[in-house]
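In what follows, a structure is listed as structure tokens, so that the remarks can point back to it.
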Amino acid sequence: MRDLRGPTKVHGRPPSGVEYLLIWLCVAIVAVTGAFAGWQFWHTDRIFSGVHVAGVPVGGETRASALLRLHRELTPYPLAPIFLELRPESTVGGGASRDVIRRWSLGSELLAPEADLEGAVNLAYHVGRQGSLLERILGQWQAFTGQQTVWPEVLVSEGVVRQAVGDAASEVRRPSRPAIQIGEVSVPPQPGLDVDVAATAHLILAQLASGRSGTVPLQTYSTAPPQSGAGDLSQNSAGAGTSALGSISGGLAAPQPVVLRHEGSGTAFALDGALLQRIMPGGDPRFLNEEALRFVVEGWANQVSYPAQEARLRFDDATSALTVIHPSRAGQRLDVDLTIEAIRNALTTDQRTGALPIISLPPAVDSSRVNELGIRELVASGSTYFKGSSSTRVYNIEVAAEKLVGVVVPPNGVFSFNSAIEAVSGANGFEDSAIIWGDRTAVGVGGGVCQVSTTVFRAALEGGFPFLERHNHGYVVSWYGDPGFDATIYTPYVDLRFLNDTDAHLLIQPVVNSEEGILTFQFYGTKPDRVVEIGEAVYEDIKEPGDPVYQEDASLEAGQIKQVEWAKEGLTATVIRKVTENGRTREDPIRSVYRPWNAMFLYGPGTVIPGVTDVKEEPTATPQSEGNSDGGG
């Protein structure tokens, strides 16, 4: 009888402890590798988690969102506390209280520091992305554990510091007093107290550069009391021929110094004997070396002059309220011509002193008077779409838009796109992306900025604002929709400029929706009583593109073809804008000329393209010798 029992089951031995360990080790390696890959992927366009900029956490954010956050939290930039101090021993003999320590706080509101937040964001983004693989991993770990903080470069104007020191100096400065006789009582002379503004300013700047909190001593010095009977002494001491230029004994003596002082701030400059001999080589104040004098005074102007800082604002649609996001600050400049005239006058008198003509420059947009600016409603808006753009193009759009946040154009003022965003460069926060370069699209710094200029153009077009400068792109760009409604810029040569011809200030406010790919610019002010009509674009002089262009690219494989340019018709577009105001209508023709654009393909070496790479060149006859040529050389 057949044995119908099944096959005998063979049981293998269970894994040993070492094998279990190897299995779990493999699982752990796979898990760690997967987690690391996921970590890298999630941070592809983001700053690595844990990175801080000046104490503000920016890890996990895109550079654009990090920049927006830093502007919100670090404007004005918080400087380390610095105090200016005058101790009692510094006032001995100066007529000030000898037992009181005077202190002045020098904070961000007073010094108005300018922090390079764009540069700091770029540095934060590169944390964990530079060096070898091990160095990158170490940088990411240090960031994750909170050991990576980036500090932006901070600039403070020397002129602003001098102004702050001058304000303190005006509180402690004391004039000297000669000896006087009151009846039978003789009052001894009293030395004065003055402040070395330049030396104190340099100490403050050095303290600011250190980034540490500290106290800077106010640099003071005593001024000698005037001598009684100075007039008699001056007549008897030098003898005949003495003048304001000093005595002549065996040649020209060094002239007496000339000092110019600005009473409001205490800022002072002096021409010592050596400088005066160079400026007045013949010793006669009627004959000056004008070039040398102007060079010296212009150097003074560079030290004390700084521009006014305009306020930047934000409009709240819900409440119609204005918020100051960047306060204004008055500027100042030294009038060079008036300073030269003051020096000339001092040289021809015995005073040897004069006024330093520092002129205050009030801001055109004063943050203390926002209620008087007339910004109360939406005047115009314009939108464009950029969904599908590369990450670098989106980043450049966000950076350019951020630079226009809160810009205010005064009545009859001119908006300049280039002035507002400054240089389109890597140093100014922009990155490489596709730009129009000659007869093709190429990779260059700032691709996407023209999306922003085009959107500003459309808002200004809708608002009826007169254009002073506007240029269309070289060819029709699909990002900007119908031809005739775009505006290109190329700093500093090609700009977009328009005039605010209303009676109120005009606030520029961008809104960027990166997820939906929508950019909108809203203009707020007082809506003028005008009607704006924008006609349909009329297209003429249509020109078909030429044949496709093929170019070999060694980076591609044989047989691989890649299209990098798409054919576009050339044409002339004309848009008529009619603006009716106060019973009068003006027509603004906006003309754009686009050249035809050929399609372009790249192909790998060895790729056969009919009519392109399979065309055999006919051999060219080569003469046996140059002497066989019929023509002359």
Side-chain angles (χ1 to χ4, degrees), residues 33-34 36-48 62-64 122-123 125-137 139-140 386-400 424-451 473-480 488 490 514 517 545-570 594-617:
T33 303
F36 181 75
W39 176 268
Q40 300 299 318
F41 179 78
W42 191 79
H43 286 95
T44 299
D45 293 318
R46 302 171 186 267
I47 298 169
F48 279 109
T62 65
R63 280 171 288 182
N122 284 331
L123 289 175
Y125 178 77
H126 285 99
V127 169
R129 288 183 165 88
Q130 294 178 322
S132 65
L133 177 61
L134 183 60
E135 290 173 329
R136 294 197 298 271
I137 294 174
Q140 294 173 30
F386 58 91
K387 193 172 183 63
S389 296
S390 66
S391 60
T392 53
R393 189 173 191 271
V394 172
Y395 174 74
N396 287 334
I397 290 170
E398 293 170 333
V399 169
V424 178
S425 64
N428 199 24
F430 294 97
E431 290 200 339
D432 288 349
S433 188
I435 62 171
I436 297 176
W437 185 259
D439 62 350
R440 67 183 60 184
T441 304
V443 174
V445 176
V449 174
C450 289
Q451 187 89 38
H473 288 78
Y475 70 94
V476 176
V477 180
S478 57
W479 287 117
Y480 310 130
T488 187
Y490 186 76
S514 298
D547 294 333
V549 177
Y550 291 86
Q551 181 174 309
E552 184 175 309
D553 187 338
S555 67
L556 300 180
E557 299 291 335
Q560 186 179 359
I561 302 175
K562 179 180 179 182
Q563 185 171 4
V564 293
E565 301 285 354
W566 280 258
K568 299 285 185 180
E569 290 180 333
Y594 304 94
R595 65 180 182 271
W597 201 254
N598 299 336
M600 174 176 280
F601 297 86
L602 303 179
Y603 63 88
T607 303
V608 177
I609 301 174
V612 178
T613 60
D614 60 350
V615 176
K616 296 182 179 180
E617 297 183 1

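Quantities reported herein were computed from a predicted structural model and do not represent experimental measurements. The figures that follow rest on heavy atoms only: side chains count, while hydrogens, waters and symmetry mates do not.
For the atom pair CG (N598) and NZ (K568), the distance works out to 13.0 Å, reported to the nearest 0.5 Å. Rounded to the nearest 0.5 Å, atoms CD (E398) and CZ (F386) are 6.5 Å apart. Distance CZ/R393 to SG/C450: 8.5 Å, rounded to 0.5 Å. We find the OH-NE2 distance between Y480 and H473 to be 4.0 Å, quoted to the nearest 0.5 Å. For the atom pair W566 CH2 and F601 CZ, the distance stands at 8.5 Å (nearest 0.5 Å). Atom CD1 of I561 sits about 12.5 Å away from atom CG of D553, to the nearest 0.5 Å.
When atom types are taken as modelled, the side chain of Q140 and the backbone of G128 share a donor-acceptor pair closer than 3.5 angstrom.
In this structure the side chain of E569 never reaches within 4.5 angstrom of the side chain of P596, judged on heavy atoms. Using a 4.5 Å cut-off on side-chain heavy atoms (C-beta onward), E552 and Y603 make contact.
E565 and W597 are linked by a side-chain donor-acceptor pair at a separation below 3.5 angstrom, with hydrogens and angles left out of the test.
Counting all heavy atoms, side chain and backbone alike, R129 lies closest to R136 at C-CD, 3.6 Å. Scanning all heavy atoms of the two residues, the minimum distance from Q560 to T607 falls at N-OG1, 3.7 Å. Shown here for S514 and V394, the closest heavy-atom pair between the two residues is OG-CG1, 4.0 Å. For the residue pair W479 and G388, the shortest heavy atom distance occurs at CH2-C, 3.7 Å.
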Go through Y125 and H43 one step at a time and tell me if the side chain to side chain contact (heavy atoms under 4.5 Å, CB included) criterion holds.
CA-CA 10 Å; Y125 178 77; H43 286 95; over 6 Å; no
Between Y594 and V476, does a side chain to side chain contact (heavy atoms under 4.5 Å, CB included) hold up when you go through it step by step?
CA-CA 6 Å; Y594 304 94; V476 176; 3.8 Å; yes
